[in-house]
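Just so we're clear, the structure is a prediction, and the values are computed from it rather than from any experiment. Residue numbering restarts at 1 for every chain, and letters A, B, ... go by the order of the sequence lines.
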There are 2 protein chains.
Amino acid sequence: MDTQLRKGILDVCVLAAIRNEDSYGYKIIKDLNSILELSESTLYTILKRLEENNMLTVKSTTYAGRTRKYYHITEIGLNRIEEFKNDAQEFVKVYSFIMKGKEQ
Amino acid sequence: MDTQLRKGILDVCVLAAIRNEDSYGYKIIKDLNSILELSESTLYTILKRLEENNMLTVKSTTYAGRTRKYYHITEIGLNRIEEFKNDAQEFVKVYSFIMKGKEQ
DNA sequence: TACAATACTTCGTGATACGATGTATGCATA
DNA sequence: TATGCATACATCGTATCACGAAGTATTGTA
């Protein structure tokens with residue numbers, strides 16, 4: 001997929017990956033893998049940003065001797081997903097324009 | 001619309017705006033206005049990039065004493081629009097994942 | 001004689017994805 | 001026991017991008 005378009009959905013994908021249950025970096029990558037390939041550097045950059053924007057909270061734990069950070073979505077994060085619905089509708093409108101060369 | 005998502009469609013929108021007939025900056029803004037607001041600085045940046053990427057060609061003219069640059073889409077530009085179709089399909093897949101929390 | 005509309009240009013800034021690289025542990029297997 | 005792979009997170013630097021601000025110049029209009 002085109003890099004720029006990708007940028008528009010990565011954030012929300014990560015939020016969606018932790019919406020139903022808390023998860024951690026490595027698992028998020030595996031879970032998203034079938035729908036969207038994503039490197040570690042990219043994911044951790046996004047997770048950091050999402051935390052700064054209060055879209056998720058972090059809890060550090062230790063599992064089998066390894067550090068593991070669990071991410072939990074916040075109300076603001078859930079709202080972000082909802083807003084994406086509207087954006088997707090706009091996207092479809094613009095898509096129609098692009099394909100048919102005319103609006104609606 | 002979210003800035004990042006916007007970035008993913010701006011290029012293709014501009015290409016779509018000149019697909020059926022050559023056009024110039026000021027007119028492109030007016031034409032796209034109903035579907036997508038777009039400032040001059042943004043558009044001219046995009047047009048320059050599209051030219052550098054050989055997605056369009058430019059022909060300078062003078063109309064009523066004012067400089068007017070006509071942009072003409074190339075084969076590569078048309079291909080870009082076609083590729084966007086595939087990207088849009090992927091987008092829809094990812095959208096389903098985000099909304100339903102599951103693939104397919 | 002102002003002011004709006006037309007038309008294009010340049011500069012600087014803040015976001016962003018991502019490759020490269022690094023650190024550290026547990027586990028299988030040769 | 002040594003090697004390599006999977007797990008797990010972190011940081012740095014770079015390229016790309018949209019966009020506001022500001023500027024230049026002409027035509028038409030109130």
Side-chain angles (χ1 to χ4, degrees), chain A residues 1-15 17-18 22-33 36-53 55-71 80 84 87 90-91 94, chain B residues 1-15 17-18 22-33 36-53 55-71 80 84 87 90-91 94:
Chain A
M1 191 189 297
D2 171 69
T3 312
Q4 292 306 315
L5 186 57
R6 214 178 126 82
K7 287 193 190 189
I9 55 177
L10 278 175
D11 273 39
V12 185
C13 276
V14 172
L15 287 173
I18 62 166
D22 297 356
S23 188
Y24 55 95
Y26 212 75
K27 186 165 188 297
I28 292 170
I29 290 174
K30 300 287 171 217
D31 288 347
L32 288 179
N33 192 52
L36 202 74
E37 271 180 63
L38 167 86
S39 74
E40 298 178 48
S41 63
T42 300
L43 177 65
Y44 290 113
T45 305
I46 292 170
L47 285 171
K48 205 172 188 180
R49 184 171 61 245
L50 289 175
E51 192 195 352
E52 280 164 6
N53 296 342
M55 300 214 178
L56 48 77
T57 56
V58 194
K59 205 175 276 181
S60 281
T61 63
T62 307
Y63 179 81
R66 275 191 282 263
T67 302
R68 194 184 268 181
K69 286 184 163 186
Y70 274 92
Y71 298 92
R80 177 72 184 85
F84 183 72
D87 282 355
E90 269 201 70
F91 178 88
V94 175
Chain B
M1 191 188 299
D2 172 70
T3 313
Q4 292 305 315
L5 186 57
R6 214 176 126 82
K7 285 194 190 189
I9 54 177
L10 278 175
D11 273 39
V12 184
C13 276
V14 172
L15 287 173
I18 62 166
D22 297 357
S23 187
Y24 56 96
Y26 212 75
K27 184 164 188 297
I28 293 170
I29 289 174
K30 300 286 172 220
D31 288 347
L32 288 179
N33 193 52
L36 202 74
E37 271 180 64
L38 168 87
S39 74
E40 296 178 50
S41 63
T42 299
L43 177 65
Y44 288 113
T45 304
I46 291 170
L47 285 170
K48 204 171 187 179
R49 184 171 61 245
L50 290 174
E51 192 194 354
E52 279 164 8
N53 296 342
M55 300 215 178
L56 49 77
T57 56
V58 194
K59 204 175 278 181
S60 282
T61 62
T62 306
Y63 179 81
R66 275 190 281 265
T67 302
R68 194 186 266 184
K69 287 184 163 187
Y70 274 92
Y71 297 92
R80 176 72 183 87
F84 183 72
D87 281 355
E90 269 200 69
F91 179 87
V94 175

What's Lys30(B) touching, base or sugar-phosphate or nothing? Going by heavy atoms closer than 4.0 Å.
sugar-phosphate
Heavy atoms only, 4.0 Å cut-off, all strands: where does Asp11(B) land among base, sugar-phosphate and nothing?
sugar-phosphate
For DNA chain C, determine which residues of residues 60-69 of chain A have any heavy atom closer than 4.0 angstrom to one of its atoms, and list them numerically.
Ala64(A), Gly65(A), Arg66(A)
Under 3.5 Å, is there any donor-acceptor pair linking the side chain of Glu40(B) to the base of dC8(C)?
yes
Side-chain donor or acceptor of Ser41(B) under 3.5 Å from a matching atom on the base of dG20(D)?
yes
Within less than 4.0 Å of OP1 or OP2 of [N], is there a side-chain N or O belonging to [X]?
{"X": "Arg6(A)", "N": "dC18(C)", "answer": "yes"}
{"X": "Tyr44(A)", "N": "dA10(D)", "answer": "no"}
{"X": "Arg49(A)", "N": "dT16(C)", "answer": "yes"}
{"X": "Thr42(A)", "N": "dC18(C)", "answer": "yes"}

Distance in Å, Phe84(B) CZ paired with Ile9(B) CD1, rounded so as to fall on 0.5 Å steps:
6.5 Å
Nearest 0.5 angstrom please: Asp22(A) CG to Thr57(A) OG1, how far?
7.0 Å
With the side chain defined as heavy atoms from C-beta on, Tyr24(B) is closest, among dC8(C), dC19(D), dC9(D), to dC8(C)
Of the candidate nucleotides dT7(D), dA17(C), dT16(D), which contains the atom at the shortest distance from the side chain of Gln4(A)?
dT16(D)
Residue whose nearest DNA chain D nucleotide is more 5′ - Tyr70(A) or Lys7(B)
Tyr70(A)
Beyond-backbone contact of Leu36(B) with Leu10(B), side-chain heavy atoms, under 4.5 angstrom
yes
Looking only at the side chains, is there a donor atom on one of Arg68(A) and Tyr24(A) sitting less than 3.5 Å from an acceptor on the other?
yes
Nearest heavy-atom contact between Ser23(B) and Asp31(B) is OG-OD2, 4.5 Å
